[in-house]
There are 2 protein chains.
Amino acid sequence: VKRKERSVEEYVAGILNNERTILAQAITLIESNAAKHTEKAQRILHELLPYVGRSIRIGITGVPGAGKSTFIEAFGQFLCDKGHRVAVLAVDPSSSVTGGSILGDKTRMENLARNPRAFIRPSPSGGTLGGVHRKTRETILLCEAAGYDIILVETVGVGQSEVAVRGMVDFFLLLALTGAGDELQGMKKGMMELVDAIVINKADGDNKKKAELAKEEYNQILHYLRHATKGWETKAYTCSSLYGEGIEQIWEVIERFVQTTKQSGVFEERRREQMKDWLHAMIKDYLHIRFFQHPAVQQQLPTIERDVMEGKQPVTMAAQQLIRLYEQT
Amino acid sequence: VKRKERSVEEYVAGILNNERTILAQAITLIESNAAKHTEKAQRILHELLPYVGRSIRIGITGVPGAGKSTFIEAFGQFLCDKGHRVAVLAVDPSSSVTGGSILGDKTRMENLARNPRAFIRPSPSGGTLGGVHRKTRETILLCEAAGYDIILVETVGVGQSEVAVRGMVDFFLLLALTGAGDELQGMKKGMMELVDAIVINKADGDNKKKAELAKEEYNQILHYLRHATKGWETKAYTCSSLYGEGIEQIWEVIERFVQTTKQSGVFEERRREQMKDWLHAMIKDYLHIRFFQHPAVQQQLPTIERDVMEGKQPVTMAAQQLIRLYEQT
């Protein structure tokens, strides 16, 4: 069934009125790479700009198996019960690594998905270059315009996606498991310096004692690290998503974080810097894409690269030659 | 006194003959940003390509006060005494941070500077963007062509310069002090995962016991981290640059590293990857420079940036507008 194309005005009105179908369609439009969609999407975003920015943006990461879905389900329900409206977005670092969209499965958060105060949107696995991340940022804005006041951005702890997510959220939370030592060896280095809190999940039953120990271990290691946010000390906490224990405490931590950083101006300053960084990152991406998609560059690059790697051509000369190809043809 | 301009052939012959004055002048030429110098420098490099690559490139970093000059002086003398020829290059991360060229002072390594088997070249503080790092890589090649078989690249442990140095050396060494805990808090995170060895300097006199303790501390922490080089376990060592103790051991470690990685192919593979990364980094730099130096972009950027930061214009639209300005005018 081919659906009737909506006008920019219809999209804008529908989103501001929080019509979920229209919001979902607008996100699809944003995610599209077709030129005509891009233009329309940008016009919609432009109209919505006065209505964005009034949420708390929370990033959630953790290695596969750390219980991200269970945590988000419990945390999201808790927030909805408190009267918030919660949007859950997933940054899927492309399916090529994992052999399938890990986060594409909506049924993971069954209860939250049925909650009328929640909106869950899995991200498409759209390659790396600017694709997924750029679209997630714009999706955040659409959800804010639709009235969601808590945005949860979920990402799997692999590769570069955490750095990207740190650049689009106010508060960043790392879900961890017991056995910090073992886990840390597998954890991407630098991870702990990106986050504002570490939450040891599954602190229930036989596991409770181990979770407390892991918390101590993490707190000890955090001593050696820089904090992600000026004026905020990153600490470790425990919770049980299964029994809802500790969930309230985590929300209190986030509320305190928001209060502290808003008072100090760090909150607003980070948001402004994120916008600027976003612009510069996007310019870099565009330039990069335009360069490497250039036919003459594509034709010559493999040969020139090989010559450079084999020491037959100086790098500067090779780079200049390629740039000349790009600019002159 | 205006000196006579040398021809490409004179430069090449002089460098291959290890005439230090000509080598020094060639490096100055390489470092120059004037277009006519760039072209000449590239022609010289091109001629020298068959003679480069046959050295061991060693990066040395550490926080200010870790005793880098004293270590390099002792280590360099040791290597010269063993019959090696040693070039010392400094990557100065620009004087704007430190209020003066920290490394510009040749007299720091008085004895080594007088050794006929050694060549010391402080780096100019030439801004960040591609400047210093690009030139250091090319300076390494010139020194190799002049017959230096050990290249020491010194950098101060601040900011991004370590990542750049890691990308141009075979072996990377971190000089540290006792009191690992305290120091680690100040140390740039990720640092320990970039290096192939940590050397606790000043392990002499009253300090010897503390140095041994620090070594243990570092080894413990290294357990949690990824190693910088495939098939090589990064470990901590102690030495006293003042009394020359431990210097020989460090050289043995490096020799073992070179042997191991050459056998496994990791050495050659890293060199090839470094060349490719260098080419891509340079393309990125060039594109960036050409974009931001474009008159129309320069004129419009501040306004567009402000609009984006204040939420008046969507980022994608702003980026597209700037790229259009760049390409069409």
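Each chain gets a letter, A, B and so on, in the order its sequence line appears, and its residues count up from 1. Computed from a predicted model, the values in this text were never measured in an experiment.
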Note to self: Looking only at heavy atoms and a cut-off of under 4.5 Å, which of Ile304(A), Leu301(A), Val52(A), Leu49(A) has the most pairs with chain B?
What the structure shows: Leu49(A)

Next item on the list: Among the options Pro50(A), Pro314(A), Gly311(A), pick out the one with the most heavy-atom pairs lying under 4.5 Å from chain B.
Entry: Pro314(A)

Notebook entry, point to check: Can you tell if the side chain of Val315(B) reaches within under 4.5 Å of the side chain of Met275(A), non-hydrogen atoms only?
Noted result: yes

Margin query: When you compare the side chain of Met317(A) with that of Leu45(B), does any pair of heavy atoms fall below 4.5 Å?
Written below: no

Checklist line | Heavy-atom closest pair, residues Glu273(B) and Met309(A) | finding: OE2-CE, 4.2 Å

Given that the side chain runs from C-beta out, which part of [X] has a heavy atom under 4.5 Å from chain B: side chain, backbone, both or neither?
| X | answer |
| --- | --- |
| Gln320(A) | both |
| Ile283(A) | both |
| Arg306(A) | neither |

Item checked: Check against side-chain contact (heavy atoms from CB on, under 4.5 Å), Leu322(B) and Tyr286(A) -> CA-CA 10 Å; Leu322(B) 286 164; Tyr286(A) 279 0; over 6 Å; no

Notebook entry, point to check: Is it the side chain or the backbone of Leu279(B) that comes within 4.5 Å of chain A heavy atoms, both, or neither?
Noted result: both

Next item on the list: Side chain from CB out, backbone as N, CA, C, O: work out which of these in Ile323(B) comes under 4.5 Å of a heavy atom of chain A, or both, or neither.
Entry: side chain

Next item on the list: Answer with yes or no after comparing the ring centroid distance for Phe292(A) and His280(B) against a 6.0 Å cut-off, counting only values under it.
Entry: yes

Item checked: Straight-line distance of Lys284(A) NZ to His288(B) NE2, nearest 0.5 Å -> 5.5 Å

Margin query: Does atom CD (Glu216(A)) have a neighbourhood of more than 12 heavy atoms from anything else shown, all under 6.0 Å?
Written below: yes

Next item on the list: Answer yes or no: does atom CZ of Arg290(B) have more than 12 heavy-atom neighbours from other residues, nucleotides or ligands under 6.0 Å?
Entry: no

Item checked: Passing candidate, side chain to side chain contact (heavy atoms under 4.5 Å, CB included) with Thr316(B), options Arg137(A), His46(A), Glu138(A) -> Glu138(A)

